[in-house]
Amino acid sequence: MGKPKHYRPPGKKKEGNAARYITRSHAVKHLQVSLPVFRKLCILKGIFPREPKKKVKGNHHTYYHLKDIAFLQHEPLLETFRELRVHDKKIKKAKAKKNEERAKRLEVHRPDYKLDRLIRERYPKFIDALRDLDDCLTMVHLFAALPALEREKVEVKRIHNCRRLSHEWLGYISRTHKLRKVFVSVKGIYYQAEVQGQKVTWLTPHAMQQVLSDDIDFNVMLTYLEFNETLLAFVNCHLYHSINVRYPPILDPQLEALAADLYALSRWFAAGSRASKVDPQPSSLSGSEEGQGTALKESELRLAQLQHQLPSNEPGALMHLVEDTADEEVEEDEDTRECKKLFRNMKFFLSREVPRESLLFVIPAFGGVVSWEGEGAPFDENDDSITYQIVDRPTQTRRIFSREYVQPQWIYDCVNARIIVPTEGYLVGRVPPPHLSPFVDNDAEGYVPDYAETIKRLQAAAKNQVLPLPGVGKEDLEDPQALLAEGVIDRAEANEMKALEKQYHDELKMELQRVPYSSSTSKQVSVEETEAGEETLPDIQQIAEDAANMSKIVMPRKKRGLYEAIQIGKQRKRDKVNLLVERRKKLKESQKS
Amino acid sequence: MARAGKAKATATATATATATATATKTSPSDSDTNLNLKPKQKLKTKTNNDKKGNNKNTTKKNQTQKAIEAQLNLNLNLKQKQKQQPPPVSDSDSYSDSQSDSDYDGDFSKDDGGSESEDYESLRDSKSEESDSSGDEGNVNTSDNGDLASDHSHEDESESSDAHEGVEESDSSEDEVAPRNTVGNVPFVWYEDEDHVGYDIAGKKIKKKEREDKLQSFLASADDSKNWRKIFDEYNQEMVEVTKEEAKLVHRMLEGKAPHADFDPYAPYVDWFKWDDAKHPLSNAPEPKRRFIPSKWEHKKVVALRRAIRKGLIKFEKPKEEPRVYLLWGDESDATEKSGHLAYIPAPKTKLPGHEESYNPSLEYIPTQEEINSYQLMYEEDRPKFIPKRFTSLRNVPAYENAVKESFERCLDLYLCPRVRKKRINIDPESLKPKLPSRKDLRPYPTTCYLEYRGHTDAVLSISVDPSGQWIASGSMDGTVRVWEIDTGRCLRVWNVDEAVKCVAWNPVQELPILAAAVGPDVLILNTDLGSEEEQERARELLEIKTLPSPDDSDKAASVATWHQDDKHGGIRLRHFKTVSSVEWHRKGDYLSAVLPADILAIVVHQISKKLTQIYAIKLRGGLPVSSVFHPTHSRLLIATKKNIRIYNLVGERKYKTLETGLREVSSISVHPADSKFKPRLDISILGDNIIVGSREGKLCWFDTDLSSRPYRTLKCHPKDINRVAFHHSYPLFASCSDDCTAYVFHGMVYSDLNQNPLIVPLEILRGHKSSNGRGVMDCTFHPRQPWLFTAGADSSIRLYCH
């Protein structure tokens, strides 16, 4: 019998990886907790497994660093969780003994824990929290769209909290014009904002009934949600304070009931800024309200509003908001200023069928004024100053000629291109042009879709224009359309150019492969000549290949492996692009015929 | 019993009651039910008699009633059965009645219908009495109540006894209404086909009444407004007309109401129980003491609670709510403090969506149906996770079915996946390639095929070039050894040896133009008859066996190899005990080593001048020997076994060194430089230090024996077996040839400076040979003076590549 593989003589301390890492089951035993509690602790504390260089216990274990586990061991939450367990047992016992009173009393005094300390610990600086915000936002937005589930312990309260938090976040982003990119995908709507120099991307699901499958452990998700909710609340608080708005916002309950939280929030912002700056006279405010108030209930409501310094339902409030922002922030960057101006002096009206929440967020974020069909809207459909009406139906029967009826995709495409895209393709009843992802670098990918090129042309055209006067949006639109037509003509010429270019590139490539230009071409000729006699002369391609192979032979094995892997990756990418090009060609052919 | 149920029950009761004494069947099909009902009917006769005011009817009425009853009986009965539920609010009276009934006579309780009908009767009775008593109630004192109750019970008893009497007298009741039909209680089915329906008392047939035919009856009915009330009574063979009152009764029953209009099923509830205390208690026992003293246990409980409250174990005030959200990162000043914790590795962010994930992607992103089908053939992990879809407008986009699942999977990833900081390799692959000197500077080297020597009819296995560089010898599978003139390609001589020639080797001494060829177990030493007269003479002399070798160790040597004169080919034939795989000359041209693929006695060295055979008793480890080479300067022999290279001192017959190749199967070996004579430039000390080894897995190893016993460089150049490697005698060139029909030419410069590593540069890939039976280029060798390479192919040709 030989010694075991990792034999350590008695009395000798563990060293190296064996001393630094322990497996998960060891860690659980070490902490004297159950696995679910350990999991919860890990999630809340942000402890994750690490990969030791040498896996002492074998490949199929999860390893934690001993320092991480020691960190958990000194966590007060560990004790709280133990207390909770004891407390739950007490409650259970009391209930089993039919001691309802005691059970109720115990229920009230359940040990509570707070996560603010953990957040501070995990993210010592605010910027750190922002960096990690992606998953947090995605999750909170997802839960905001979920139904409450009794059997999975997803309470209505939490769903509402998620909704509130997500709206607060959207409200801030919209108000400060931090939104940069929007992408409507099959999975939902992706947004990308730039907060304090950090790119924050999140996904909101489509506002539909979500599909819930059975193989989901909601315990894990709820633990994450618990942390994420707290984190987002603190982040929101910090952001709101940074723009001098009180947190938490107190919203107009009437608007909230109408599910127009975002609008309510924007009014809260407006109120906050006015309160801090202009300091409105309460008497005049109340006077204007007096004229409107009729019902007893409403007057009560207004009383509450007055207490919270809320503006009333006057449509002018929104106008105020938009005007105010002009002189407010001086230290904003170039990007923000550009975004803020995009929809300036445009008025949008949303029909019933469009995704209201998303558009109510996006349009104000880019400086537009928006209203919707339904109660509580700032202005109604008959308003003459509306420039665009967003509709998503096969046909629009009642039309007002002073405005354009466009599909919602137009908004998103405008936002991504940062120009007012001609509405031509987006009018009601038409199939809109393809919606492209703003997250893709087309040049790096190697394939540029047609529409991306069109948009690029439009952007170039918009930049060349000397001074796009605000307020004359109509003329603005005319020009790019003409340019679009020009672009189509250009493309035909470009195709010819491409053929020439390709030849040039081929030659360049040959040169790179150290095949002398003259010799290769002359050889080609000679090959053709001598082909009848003997085919011993290897063709030009063979030579090029050989030349490439030559240096590969002398590479060390590791480098060669890496090189081959890179080549495979590149080949795969090229294949993908080729497939797309192939499909495009086929499509064009089928369209012609 | 429910009130509705009760109503039904009463309905049947009356119906049956009126149907009374004619205890014969209405229809044959109903016989079962009727049999069931029989006691009930009997019972009813008596009660009927009691209620003369209500129920006494004419016979005619009875009959019609009975006919209707026949139809209703069955379903009503069934309904009754269904309604057998305990009453939510029971009339205490009727309840007690039925109780008493069942007490009185077990027979009754068995028949539910009977007892219920009885119920009804009693209810009616009680009703009338109730009205009486309610009338009285104003006057009667509470004390009378008891009497009243007792009265009730008494009356009930009398009633039930009446009922009992009724049962007893039921036989006589049949006589009261005499049936005109005397057929008896006999099913009509028996007479279905007969003219008569039965027999009278005298035994005469009772004729069936002639039925009117349909037309007549229709005509008769057409002008008769009362027609709908007419029913044919089969039993008595006559038409019966239902009166209006009866029709109404039936209607009410059909509607499920009580048959009598004046019956109120929802009469207000009368509470018969006396709730106020009786004057005299039932028990006269004195109150127990425990009712007057406080409970000890309660007291204990209170004390415990009080104590708990005092100690603060029980708190009544709610825990205070602290402000939940506050400015957490209020002052960033102390944020710089370093926690002594491990570095936090942020989780990688999720991949951002590309064009194909759009709800409305460009058309080219959408795969065709065939492509989607072809995904099914892929491996699970290669299959695309996401298939792009196109929706023509935003309103058509459904909820994403995996939204929650993907979020969950992300959660799992976040807390379950080990995190490591990894450097992202973002390098230009071209930069990985080593910088090689330009090939132009390394010229000359063989590049193009210049000549082809044709003549062999099978694969050429081995070639060897004359040290003068004029002739080339080749051995082939077709059993011939040929000598060619290099410049012209003319075949000079052919020896036919009738067996595959595995190996040929020129004697390295220029003045001795002889050739060794391995043919099966023999080694042939052939005189080529080339060179000057003098040289030819010497060669002929050498190849003549005059004396037998010295007899000192002849036994052992003779067992391995024997010397014969070969007259046919004009040379010597050395016969071995086993097949010879390769032969190799010593640089002085006197010794010849042959390799036999055996475990021991594998290496045999022959001395031509003395015709001697030496055997080296070497035990080889690392598999069978493949090839052997003499060291260019020292008296050492390098033996390549399948796994490694072993170097032996020939003087002391001792192992000098072992080189670990790390290859699977070595096929050939070559020492640098092949011949020291042509390398005057090189320092003598480094000669023979560098060895190249080719292997069957297509790898080529360069050994620097001074440096290490492991390869200095391993080159993986051929995809198939390497058959032979060769160094050039004077130029810094080496070559390898392989079964993939190519030969590689390398620049291999060895420096005299020991600190400088050898420089290896691949120069050229030579193609031209064709594959035959899976074999490609079998042998390659350099020209001794020129940078030319000869290759022998399995396609039976020899090629010369020149610079």
Side-chain angles (χ1 to χ4, degrees), chain A residues 42-43 48-51 65 67 71 108-109 116 120 124-126 132 134 139 142 183-188 190 205-206 208-213 216 220-221 224 233-234 237-238 241 353 392 408-409 431 434-437 439-440 449 536 538 546 550-551 553-554 559 563 566 580 583-584 587, chain B residues 314-315 318-319 325-329 332 335 339 341-342 344 346 349-350 352-355 357-365 389 392-395 397-401 403-405 407-408 410-412 414-420 429 432-434 436 449 715-717 760 762 765 767-768:
Chain A
C42 280
I43 290 172
F48 44 85
R50 286 168 199 259
E51 191 101 329
H65 201 284
K67 272 191 177 175
F71 188 47
V108 172
H109 290 279
D116 46 355
R120 188 66 205 262
K125 286 178 190 166
F126 180 62
D132 254 14
D134 285 16
M139 187 159 212
L142 173 71
F183 176 53
V184 187
S185 87
V186 173
K187 295 183 181 179
Y190 286 89
H206 291 298
M208 308 267 177
Q209 179 75 42
Q210 296 299 321
V211 184
L212 297 166
S213 58
I216 289 169
V220 174
M221 293 194 84
Y224 264 104
F234 279 108
C237 176
H238 190 92
H241 277 277
E353 67 281 355
D392 190 7
Q409 194 195 320
V431 174
H435 182 57
L436 299 174
S437 167
F439 303 115
V440 178
T536 49
D546 284 355
M550 282 300 171
S551 47
I553 290 166
V554 260
K559 273 194 179 175
Y563 178 82
I566 293 174
L580 289 177
R583 279 193 201 143
R584 181 156 76 176
L587 277 172
Chain B
I314 298 174
K315 292 176 209 120
K318 289 206 169 174
V325 185
Y326 56 95
L327 218 51
L328 189 63
W329 295 277
E332 297 270 292
S339 65
H341 191 56
L342 288 173
Y344 173 68
K349 301 204 164 180
T350 41
L352 289 173
H355 294 314
E357 277 189 41
S358 165
Y359 86 96
N360 178 19
S362 302
L363 276 171
E364 61 260 29
Y365 283 98
K389 250 180 162 181
T392 45
S393 69
L394 196 53
R395 68 175 182 276
V397 183
Y400 181 53
E401 68 267 26
V404 183
K405 206 175 168 200
S407 175
F408 174 60
R410 174 75 180 165
C411 285
L412 289 189
L414 284 180
Y415 92 89
L416 279 180
C417 288
R419 295 189 199 165
V420 194
L432 286 172
K433 289 180 174 175
L436 296 176
C449 183
L715 308 175
K716 169 95 178 105
C717 42
I760 302 170
I765 302 171
R767 292 163 208 273

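Residue numbers start from 1 in every chain, and the chains themselves are labelled A, B, ... in the order their sequence lines are given, proteins ahead of strands.
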I'd like to verify something: which residue of A:V184, A:I566, A:V431 has the highest number of heavy-atom pairs under 4.5 Å with chain B?
A:V184

Nearest 0.5 Å please: distance from the CZ atom of A:R50 over to the CZ atom of B:R419.
8.5 Å

Work out which heavy atom in A:I553 is nearest to a heavy atom in B:L715; give both atom names and the distance.
O-CD2, 3.8 Å

Which answer fits B:K349, side chain, backbone, both or neither, if we ask what part of it has an atom under 4.5 Å from a heavy atom of chain A?
side chain

Most contacts with chain B, counted as non-hydrogen pairs under 4.5 angstrom, among A:M221, A:Q210, A:Q209, A:K559
A:M221

Please report the closest heavy-atom contact between A:L436 and B:S362, naming both atoms and the distance.
CD2-OG, 3.7 Å

Does any backbone or side-chain atom of A:D116 lie under 4.5 Å from a heavy atom of chain B? Answer side chain, backbone, both or neither.
both

A:R584 side chain to B:E364 backbone, donor-acceptor under 3.5 Å:
no

Which of A:Q409, A:M208, A:H109, A:R583 touches chain B most, by non-hydrogen pairs under 4.5 Å:
A:R583

Show, in sequence, the C-alpha distance, side-chain angles and deciding distance for A:F183 and B:S358, and conclude whether the side-chain contact (heavy atoms from CB on, under 4.5 Å) test is met.
CA-CA 7 Å; A:F183 176 53; B:S358 165; 3.5 Å; yes

Are the side chain of A:S437 and the backbone of B:P353 linked by a donor-acceptor contact shorter than 3.5 Å?
yes

B:G354, B:S393, B:P361: which one forms the most heavy-atom pairs within less than 4.5 Å of chain A?
B:G354

With a 4.5 angstrom heavy-atom cut-off, could you sort out which part of A:Y190 is near chain B: side chain, backbone, both or neither?
side chain

Check each atom of A:L142 against the heavy atoms of chain B and say whether the ones under 4.5 Å are side chain, backbone, both or neither.
side chain

Side-chain (A:H206) to main-chain (B:V397) donor-acceptor, under 3.5 angstrom:
no

Looking at B:L416, B:L432, B:T350, B:T392, which makes the most heavy-atom pairs under 4.5 Å with chain A?
B:L432

Can you measure from SG (A:C42) to CG (B:L414) and round to the nearest 0.5 angstrom?
12.5 Å

Starting at CG of A:L580, measure out to CG of B:L363 and round the result to the nearest 0.5 Å.
12.0 Å

Kindly indicate whether the side chain of A:V220, heavy atoms from C-beta on, has any atom under 4.5 Å from the side chain of B:F408.
yes

Just say parallel, tilted or perpendicular for the rings of A:H435 and B:Y359, cut-offs at 30° and 60°.
tilted

Any B:L327 side-chain heavy atom under 4.5 Å of A:C237 side chain:
yes

Examine whether an atom of A:I216 lies under 4.5 Å from a heavy atom of chain B, and if so say whether it belongs to the side chain, the backbone or both; otherwise answer neither.
both

Please look at B:R410 and chain A and tell me whether the side chain, the backbone, both or neither of the residue comes under 4.5 angstrom of a heavy atom of that chain.
side chain

If you count the non-hydrogen atoms of other residues, nucleotides and ligands that lie under 6.0 Å from NZ in B:K389, is the total more than 12?
no

Going from CG on B:L328 to CZ on A:F234, what distance comes out if it is rounded to the nearest 0.5 angstrom?
5.5 Å

If you compare all heavy atoms of B:V404 against all heavy atoms of A:L212, which two are closest, and at what distance to 0.1 Å?
CG2-CD2, 3.8 Å

Taken in chain and number order and not counting sequence neighbours, the residues that satisfy side-chain hydrogen bond (donor to acceptor under 3.5 Å, both in side chains) with A:D132 are A:Y123, B:Y344

Options A:H65, A:M139, A:E353, ranked by heavy-atom pairs under 4.5 Å with chain B, top entry
A:H65

B:Y365 and A:P434, any side-chain heavy atoms less than 4.5 Å apart:
no

